[in-house]
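Below is one structure; the comments refer to it alone.
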Amino acid sequence: MNCNENHIFDELKFLVDRSAIIWLTIMIGAAIMIGLLCLAGALPAAALWSLIWLVPTVPALLLIVYRYHKKAKILAQKQQISMMAYHAKQVLEHLLQQIPDTLISDSKIKMHYLARHGIDIDAAMARLGYNTEKYNELAMDFLKNCDKYEDTLYDLMQPSSLMQYGANAHILRVRANELGIVNLTDTAFFHELEAYAGDLDIIRQNWKKLSFELDEAYSILSQYVKSLGLKDDAIDKDGNHMSFKKWGEQLQEAFLALETYDTQKAKSILDELVRFPIDSDVTKALKGIISNIDEMMAV
């Protein structure tokens, strides 16, 4: 235990010891009084048998003191873990705040690549309130769902499902417009209108154009995302994925467990999180917390 924890433990132990001494003093005082009264003849000698209760009581009191010393030590450790969780949380929040700064700067520079390839990045950023992180998030979401957009539209390109085709073309148009993909936005809008008009032949005649522009948008955004090293999840050595959102939620849950002294739960969560590294400094900080928990639980 460190100095701060020792201080807490010493205070608690002092209170337990003081309470035990008070009870021992009361019991011994009562025993002496009974003994004196018997010697003075005020009480019969048989009254001394009333002191037999001291035989089991004193060892029981000593056992209770021992048990409360142990509980006090555990409580001091828990308090220290709670304090450690608070300070560790501050450090990790500081580290996590530093990560996006460089990413945003790099994104703004590399967005020129998008502009050179026909994406109206200025209009897209204006619509998003110049939120670079939001644009990157939308770009990754678009890439993840690109095949789904195309497959769904192709499957719905039937006389009986033109209304659904139009609805899905609308979704694609909105997503493309959010990212400033002008050509794909216009083409998706054309398909949306023709679907609602019920003109399946026109849609089929223009399908290759939509498919080509969707593939082109995927290629451009993929190069942009790859140049930044963006990813929307963490991967462990076995190839398992965990989304950054879930990773952050789990981290908050671990800190909450520490603050409520549930070290087993906190350690279990943190052990899982270090398997999915998102930053070397953050991973190092988490391993430091786990090490501290192990030391405290071993005492």
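Scanning both residues, Ala139 and Leu221, for their nearest heavy atoms gives CB-CD2, 4.3 Å. When all heavy atoms are compared, the tightest approach of Ile269 to Gln250 is CG2-O, 3.3 Å. Taking each heavy atom of Ser227 and Lys110 in turn, the nearest pair found is O-NZ, 2.7 Å. A pairwise comparison of heavy atoms in Val225 and Leu143 identifies CG2-CD1, 3.7 Å as the closest pair. Nearest heavy-atom pair across Ala266 and Ala254 is CB-O, 3.6 Å.
Once rounded to the nearest 0.5 Å, the distance linking CG of Asn183 with CZ of Phe212 reads 9.5 Å. For the atom pair CG (Leu114) and CE (Met125), the distance works out to 10.5 Å, reported to the nearest 0.5 Å. Here the CG-CG distance, from Leu210 to Asp186, works out to 12.0 Å after rounding to the nearest 0.5 Å. Summarising the geometry, atom SG belonging to Cys146 is positioned 8.0 Å from atom CG belonging to Leu184; distances are rounded to the nearest 0.5 Å. If you take CD on Gln164 and CG on Leu153, they are separated by 11.0 Å, rounding to the nearest 0.5 Å. Distance check, rounded to the nearest 0.5 Å: CG of Leu200 to CD of Gln205 gives 10.0 Å.
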Item to complete: Go through the steps to decide whether Tyr224 and His117 satisfy the test side-chain hydrogen bond (donor to acceptor under 3.5 Å, both in side chains), and finish with yes or no.
Response: CA-CA 11 Å; Tyr224 166 74; His117 286 79; over 6 Å; no
Practice prompt. Could you go through the side-chain contact (heavy atoms from CB on, under 4.5 Å) check for Ile119 and Val182 one step at a time?
Written response: CA-CA 6 Å; Ile119 291 182; Val182 180; over 6 Å; no
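Hydrophobic clustering (side-chain heavy atoms under 4.5 Å, transitive across Ile, Leu, Val, Met, Phe, Trp, Tyr) keeps Met157 apart from Ile202. Residue Met111 is grouped with residue Tyr218 when hydrophobic side chains (ILVMFWY) are merged at heavy-atom distances under 4.5 angstrom, including chains of intermediate members. In this structure, Ile171 is a member of the same hydrophobic cluster as Ile203, with clusters built from ILVMFWY side-chain heavy atoms closer than 4.5 Å.
Between Leu162 and Asp199 the shortest side-chain heavy-atom distance does not fall below 4.5 Å. With contacts defined as side-chain heavy-atom distances shorter than 4.5 Å, the pair Arg175/Leu179 does not qualify. Counting heavy atoms from C-beta on, the side chains of Tyr135 and Ile121 come closer than 4.5 Å. Taking the side chain as every heavy atom from C-beta outward, Leu214 and Leu172 approach each other to under 4.5 Å. Under the 4.5 Å side-chain criterion, counting only non-hydrogen atoms from C-beta, Ile181 is not in contact with Asn177. In this structure, the side chains of Glu133 and Glu137 stay at 4.5 Å or more apart for every pair of heavy atoms. Taking 4.5 Å as the limit, every side-chain heavy atom of Tyr165 sits out of range of all side-chain heavy atoms of Thr152. Leu256 places none of its side-chain heavy atoms less than 4.5 Å from the side chain of Gln252.
With respect to the salt-bridge test (charged N to carboxylate O, under 4.0 angstrom), the residues Glu192 and Arg173 qualify. Checked for salt-bridge contact, Arg275 and Asp271 miss the test: no charged N lies under 4.0 Å from a carboxylate O.
Within a 6.0 Å radius of CE in Met163, other residues, nucleotides and ligands contribute more than 12 heavy atoms. Around OH of Tyr113, the count of heavy atoms belonging to other residues, nucleotides or ligands within 6.0 Å exceeds 12.
Distance alone, capped at 3.5 Å, is enough to place a donor-acceptor pair between the His191 side chain and the Asn206 backbone. Side-chain N or O atoms of Asn131 include one that pairs as donor or acceptor with a backbone N or O of Lys134 at under 3.5 Å. At distances below 3.5 Å, not a single donor-acceptor pair connects side-chain atoms of Ser291 with backbone N or O atoms of Lys287. A donor-acceptor contact shorter than 3.5 Å is absent between the side chain of Ser219 and the backbone of Asp215. Ser268 places no side-chain N or O within donor-acceptor distance of the main-chain N or O of Gln264, the cut-off being under 3.5 Å.
Using cut-offs of 30° and 60° for the angle between ring planes, the Tyr149 and Phe142 rings count as tilted. Taking the six-membered ring where the residue is Trp, Trp207 and Tyr154 present tilted rings, their angle falling between 30° and 60°.
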